[in-house]
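Note sheet for the following structure.
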Amino acid sequence: MSISVSRGARRHRKRLASCAAIRVTAARGEITEGFRMTSTLQAAIDTAAHAVARTAKVIVVIQQKGGAGKSTIAVNTAACAGRSAVLSNADESSGAPVVAAGIDVQGTLEKWCAGVREEALPFDYVVTRGKVGILPSIVSDPDRRRIIVDTPGFLDVDPDAEWGADPLGTSRTADALREVLDVADLAIVPITPSKITWDECEYTIERVLKPRGIPFLVVINMHDPGKDKHEKQLGKVKAWIDERNYPRVADPIRRYTIHEHAYENGTLVTEYKMSGTALNAREDFMRVALTMEQML
């Protein structure tokens, strides 16, 4: 199997062929039956998984509910991380240290990144459209340091799954997500000040991430400082997160009109035209990227 990776800033956007995908943590699918396992077996599986040496860290942006801003967080966090990485990487013949990956069949990430000016794109990107076997070979590439994965708008889950069982469904998208979760080093879980995303945030953490032992970071997204001037609603969501002892980024990503037009305009937070709003927006995503690095 060969894969295609689109290359970013200072690298011609051409298609590169890579080696065949290798199996990483295959033991997870071959040793266990179902989702329940003993701590001893889990430790053995984790040991086998980490025995495969790799320099890349995989960060998955995941939330059961759509509309929480997963794609915006994935793309702009990759931009902030990539800008830093590119500045310290003098070898332009190799792949970019940061890769943004999308696994949804709609290819949202690809459409966004394809519209960005080549010199403004500080990371490589790849879209699997739900196909399995592509990401493991990128993860094993020694040139890669961070792989930030955007997941589908809505998780395909089995509403009848018992507690402790894997709640992911049986679709192609669910299988692609399982593959990502098998190699994930960290999950970023967006939540909004509006309560409409709170239950889904908790479900994602308690049913999908914790049983797999994946560390996670909650990010409050789309806080409107104009409407919530006294930060009453922001205080409520912070309290909800802290009551559950979920690690979170200290301050929210603020809601700005400039973000809402970024997809259609093909812009990244690192390339917004200079203004007070642009500086604030960049600060928000830099804070996410820095907290992510601390967690890793």
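Going from atom CD of E202 over to atom OG1 of T197 covers 11.5 Å, rounded to the nearest 0.5 Å. The CG atom of L290 sits 10.5 Å away from atom CD of E283, with the distance rounded to the nearest 0.5 Å. In this structure, Y263 OH and T72 OG1 are separated by 10.5 Å, a value rounded to the nearest 0.5 Å. Interatomic distance, R83 CZ to L268 CG, rounded to the nearest 0.5 Å: 8.5 Å. Expressed to the nearest 0.5 Å, how far CG of L209 lies from CG of L186 amounts to 9.5 Å. Note that CG of D228 and OG of S194 are 11.5 Å apart. Values are rounded to the nearest 0.5 Å.
With a 4.5 Å cut-off on side-chain heavy atoms, L109 and S71 do not count as touching. Taking the side chain as every heavy atom from C-beta outward, E179 and T128 never approach each other to under 4.5 Å. Contact annotation: the side chain of I59 approaches that of L296 to within less than 4.5 Å [non-hydrogen atoms, C-beta and beyond]. Counting heavy atoms from C-beta on, the side chains of L181 and L168 come closer than 4.5 Å. For the pair R207/W163, a side-chain contact is recorded, criterion being any heavy-atom separation below 4.5 Å from C-beta on. In this structure, the side chains of Q233 and H223 stay at 4.5 Å or more apart for every pair of heavy atoms.
Closest approach of F123 to V75, counting heavy atoms only: CE2-O, 3.9 Å. Contact record, A120 with P122: O-CD, 3.0 Å, taken as the closest heavy-atom pair. The shortest heavy-atom contact between I205 and P211 is O-CD, 4.2 Å. Taking all atoms of both residues into account, the shortest heavy-atom contact from R287 to P252 is NH1-O, 3.8 Å. Considering all non-hydrogen atoms of both residues, M292 and L217 come closest at N-CD2, 4.2 Å. Taking every heavy atom of both residues into account, K70 and K65 meet most closely at NZ-O, 3.1 Å.
By the neighbour-count criterion of 12 heavy atoms within 6.0 Å, atom NZ of K238 is densely surrounded, having more than that number from other residues, nucleotides or ligands. Taking a 6.0 Å sphere around CG of L279, one finds it holds more than 12 heavy atoms contributed by other residues, nucleotides or ligands.
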Q.
Set out, in order, the CA-CA distance, both residues' side-chain angles and the distance that settles side chain to side chain contact (heavy atoms under 4.5 Å, CB included) for T257 and T277, then state yes or no.
A. CA-CA 9 Å; T257 304; T277 298; over 6 Å; no
**Q.** Test log, rule side chain to side chain contact (heavy atoms under 4.5 Å, CB included), inputs H261 and E264
**A.** CA-CA 6 Å; H261 298 293; E264 61 186 87; 3.4 Å; yes
Q. Going through the distances and angles, do R172 and D175 end up as a salt bridge (Lys or Arg N to Asp or Glu O under 4.0 Å)?
A. CA-CA 5 Å; R172 169 174 166 173; D175 289 340; over 6 Å; no
**Q.** Derivation of the side chain to side chain contact (heavy atoms under 4.5 Å, CB included) call for T151 and I103
**A.** CA-CA 6 Å; T151 58; I103 65 171; 4.2 Å; yes
Q.
salt bridge (Lys or Arg N to Asp or Glu O under 4.0 Å) for E293 and K57? Distances and angles first, verdict last.
A. CA-CA 10 Å; E293 289 299 320; K57 297 290 186 181; over 6 Å; no
Q: Assess whether side chain to side chain contact (heavy atoms under 4.5 Å, CB included) is satisfied between R144 and D124, documenting all intermediate values.
A: CA-CA 10 Å; R144 313 301 185 178; D124 291 348; 2.8 Å; yes
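In this model, no donor atom of one side chain and acceptor atom of the other lie less than 3.5 Å apart for T173 and D156. R145 and T55 form a side-chain donor-acceptor contact under 3.5 Å, judged by distance and modelled atom types alone.
No single ILVMFWY cluster, assembled from side-chain heavy atoms under 4.5 Å apart, contains both I188 and V180. I73 and Y125 fall into different hydrophobic clusters, where Ile, Leu, Val, Met, Phe, Trp and Tyr side chains are chained together by heavy-atom contacts under 4.5 Å. The same ILVMFWY cluster, assembled from side-chain heavy atoms under 4.5 Å apart, contains both I62 and Y246. The hydrophobic clustering, which links ILVMFWY residues whose side-chain heavy atoms are closer than 4.5 Å, places I258 and V288 together. I191 and L155 fall within the same hydrophobic cluster, where Ile, Leu, Val, Met, Phe, Trp and Tyr residues are linked whenever their side-chain heavy atoms come under 4.5 Å apart, directly or through other members.
A distance-only check finds no donor-acceptor pair linking the side chain of N221 to the backbone of T192 [under 3.5 Å]. Between the side chain of R248 and the backbone N or O of I241 there is no donor-acceptor pair closer than 3.5 Å. A donor-acceptor pair is defined here as one N or O able to donate and one able to accept, closer than 3.5 Å; such a pair exists between the side chain of N76 and the backbone of V269. Between the side chain of T204 and the backbone N or O of Q63, no donor-acceptor pair lies under 3.5 Å. A donor-acceptor pair is defined here as one N or O able to donate and one able to accept, closer than 3.5 Å; such a pair exists between the side chain of S137 and the backbone of I134.
Aromatic ring centres of Y272 and H259: separated by under 6.0 Å.
Using cut-offs of 30° and 60° for the angle between ring planes, the W198 and W240 rings count as tilted.
E271 has a carboxylate O that lies under 4.0 Å from a charged side-chain N of R117, or vice versa, which qualifies the two as a salt bridge.
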